Amino acid sequence: MKLQFLTALLLLALAACNTPKPEPEPAATTTAATPSANHDYGVKFTYSSNFAWGDPALGDKIVSIWKHYDANTLDSTLSYFADSVNTDIPGLQGTFQKDSLIAMVKSARGQASSCISTYDALTTMKANEKEETVVCIWGKEKTVVKGKTMVRDLSEVWGLNKEGKITWVKGYELPKTQ
């Protein structure tokens with residue numbers, strides 16, 4: 001009887017050693033911007049070097065603009081823009097009223113019979129010392145104009161004010177050969 005009791009006790013002890021431990025509860029996640037340490041890079045930045053994560057919904061606006069550009073339905077995005085928008089993109093530099101800006105971009109887009117964008121990356125960041133958020137997006141665009149296909153890499157940075165309206169955009173492109 002003692003032998004059976006000791007065997008049972010030994011089996012219980014071995015089973016206890018092999019019992020998986022409960023997983024710890026995951027930490028609560030938030031979409032609120034968390035402050036980051038302001039690092040001294042040894043140079044002066046004209047905009048900022050002190051960022052935290054921004055609201056992902058603002059990134060959704062920029063993706064929507066790209067999709068509406070492809071579909072040639074940019075009028076649907078007019079409410080995303082502040083009354084005045086500063087642009088620094090190839091072929092379009094200056095400060096424009098949103099209606100004029102959309103009309104110019106629609107005119108340029110209307111020359112293409114098709115446009116297809118693909119997306120490489122997007123990040124939304126809040127500049128800690130400013131009242132705005134920046135959305136950085138990278139991707140590719142394939143357009144067909146008068147039967148000729150053009151492919152280019154795009155990198156854009158969009159500035160949105162505290163009301164979530166676009167106040168500026170900087171764009172860079174690298175045409176690709178096929």
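Everything numeric here is computed off the predicted structure, so don't read it as measured data. Basis for what follows: all heavy atoms, side chains included, without hydrogens, waters or symmetry-related copies.
Side chain of Arg109 to main chain of Tyr69: a donor-acceptor pair is present (N/O by atom type, distance under 3.5 Å, no hydrogens or angles). Lys61 places a side-chain N or O within donor-acceptor distance of the main-chain N or O of Gly164, the cut-off being under 3.5 Å.
Looking at every heavy atom in both residues, Pro90 comes nearest to Gly171 through CD-O, 3.4 Å. In terms of heavy-atom proximity, Glu132 sits nearest to Lys126 at O-CD, 3.6 Å. Ala82 and Asn161 make their closest contact through CB-ND2, 4.5 Å (heavy atoms, listed as atom of the first residue, atom of the second, distance). Of all non-hydrogen atoms in Ala52 and Asn128, the two that sit nearest each other are CB-OD1, 3.6 Å. Minimum heavy-atom separation, Ser48 to Glu129: OG-OE2, 2.6 Å. Scanning all heavy atoms of the two residues, the minimum distance from Pro56 to Thr124 falls at CA-OG1, 4.3 Å.
Of the residues listed (Ile65, Val169, Asp99), the one engaging Phe81 in a side chain to side chain contact (heavy atoms under 4.5 Å, CB included) is Ile65, and it is the only one.
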> Taking it one step at a time, do Thr77 and His68 satisfy side-chain hydrogen bond (donor to acceptor under 3.5 Å, both in side chains)?
Replying inline: CA-CA 8 Å; Thr77 65; His68 281 287; over 6 Å; no
> Can you check side-chain hydrogen bond (donor to acceptor under 3.5 Å, both in side chains) on Ser117 and Trp66, steps first, answer last?
Replying inline: CA-CA 7 Å; Ser117 296; Trp66 276 36; over 6 Å; no
>> What verdict does the side-chain hydrogen bond (donor to acceptor under 3.5 Å, both in side chains) test give for Asn86 and Thr95, after you've listed the backbone C-alpha separation in whole Å, the side-chain angles of each residue and the deciding distance to 0.1 Å?
In response: CA-CA 4 Å; Asn86 184 282; Thr95 301; 3.0 Å; yes
>> Assess the residue pair Glu173 and Asp153 against the criterion (side chain to side chain contact (heavy atoms under 4.5 Å, CB included)); give the C-alpha distance rounded to whole Å, side-chain angles, the decisive distance to 0.1 Å, and a yes or no.
In response: CA-CA 5 Å; Glu173 66 179 55; Asp153 286 333; over 6 Å; no
> Taking it one step at a time, do Thr87 and Gln93 satisfy side-chain hydrogen bond (donor to acceptor under 3.5 Å, both in side chains)?
Replying inline: CA-CA 5 Å; Thr87 64; Gln93 292 86 23; over 6 Å; no
>> Working note: Lys67 + Val63, criterion side chain to side chain contact (heavy atoms under 4.5 Å, CB included); need CA distance, chi angles, decisive distance, verdict.
In response: CA-CA 6 Å; Lys67 288 179 178 180; Val63 170; 3.8 Å; yes
>> Could you go through Leu92 and Leu101, starting from their C-alpha distance and side-chain angles, then the distance that decides it, and tell me whether this counts as side chain to side chain contact (heavy atoms under 4.5 Å, CB included)?
In response: CA-CA 9 Å; Leu92 191 62; Leu101 177 63; 3.4 Å; yes
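The line from CE of Met150 to OG1 of Thr143 is 4.0 Å long, rounded to the nearest 0.5 Å. Atoms OG1 and NZ, from Thr46 and Lys44 in turn, are 8.0 Å apart once rounded to the nearest 0.5 Å. Rounding to the nearest 0.5 Å gives a distance of 12.5 Å between CG of Asp70 and NZ of Lys142. If you take CG on Asp83 and OG1 on Thr167, they are separated by 11.5 Å, rounding to the nearest 0.5 Å. Here the straight-line distance linking atom NZ of Lys170 with atom CG of Asp88 works out to 5.0 Å at 0.5 Å rounding. Within the model, atoms CG of Asn50 and CE of Met125 stand 11.5 Å from one another, a figure rounded to the nearest 0.5 Å.
With contacts defined as side-chain heavy-atom distances shorter than 4.5 Å, the pair Ile166/Ile62 qualifies. When side chains are defined from C-beta on, Thr133 does not count as touching Asp55, because their heavy atoms never get closer than 4.5 Å. By the 4.5 Å heavy-atom criterion applied to side chains, Trp53 and Thr123 are counted as neighbours. Between Glu156 and Cys136 there is no side-chain heavy-atom pair separated by less than 4.5 Å.
Within a 6.0 Å sphere centred on NZ of Lys98, heavy atoms belonging to other residues, nucleotides or ligands number more than 12.
Residues Leu78 and Phe96 share a hydrophobic cluster, clusters being chains of Ile/Leu/Val/Met/Phe/Trp/Tyr side chains in contact below 4.5 Å. Cluster membership check: Leu122 shares its hydrophobic cluster with Trp158, using side-chain heavy-atom separations under 4.5 Å among Ile, Leu, Val, Met, Phe, Trp and Tyr. Val151 and Val144 sit in two unconnected hydrophobic clusters of ILVMFWY residues. Membership requires side-chain heavy atoms under 4.5 Å apart, directly or through other members. Tracing side-chain contacts under 4.5 Å through hydrophobic residues (I, L, V, M, F, W, Y), one reaches Tyr80 starting from Leu160; they form part of the same cluster. Val135 and Trp138 end up in different hydrophobic clusters when Ile, Leu, Val, Met, Phe, Trp and Tyr side chains are linked at under 4.5 Å.
With Tyr47 as the aromatic partner, Lys130 meets the cation-pi criteria of under 6.0 angstrom to the ring centre and within 45 degrees of the ring axis.
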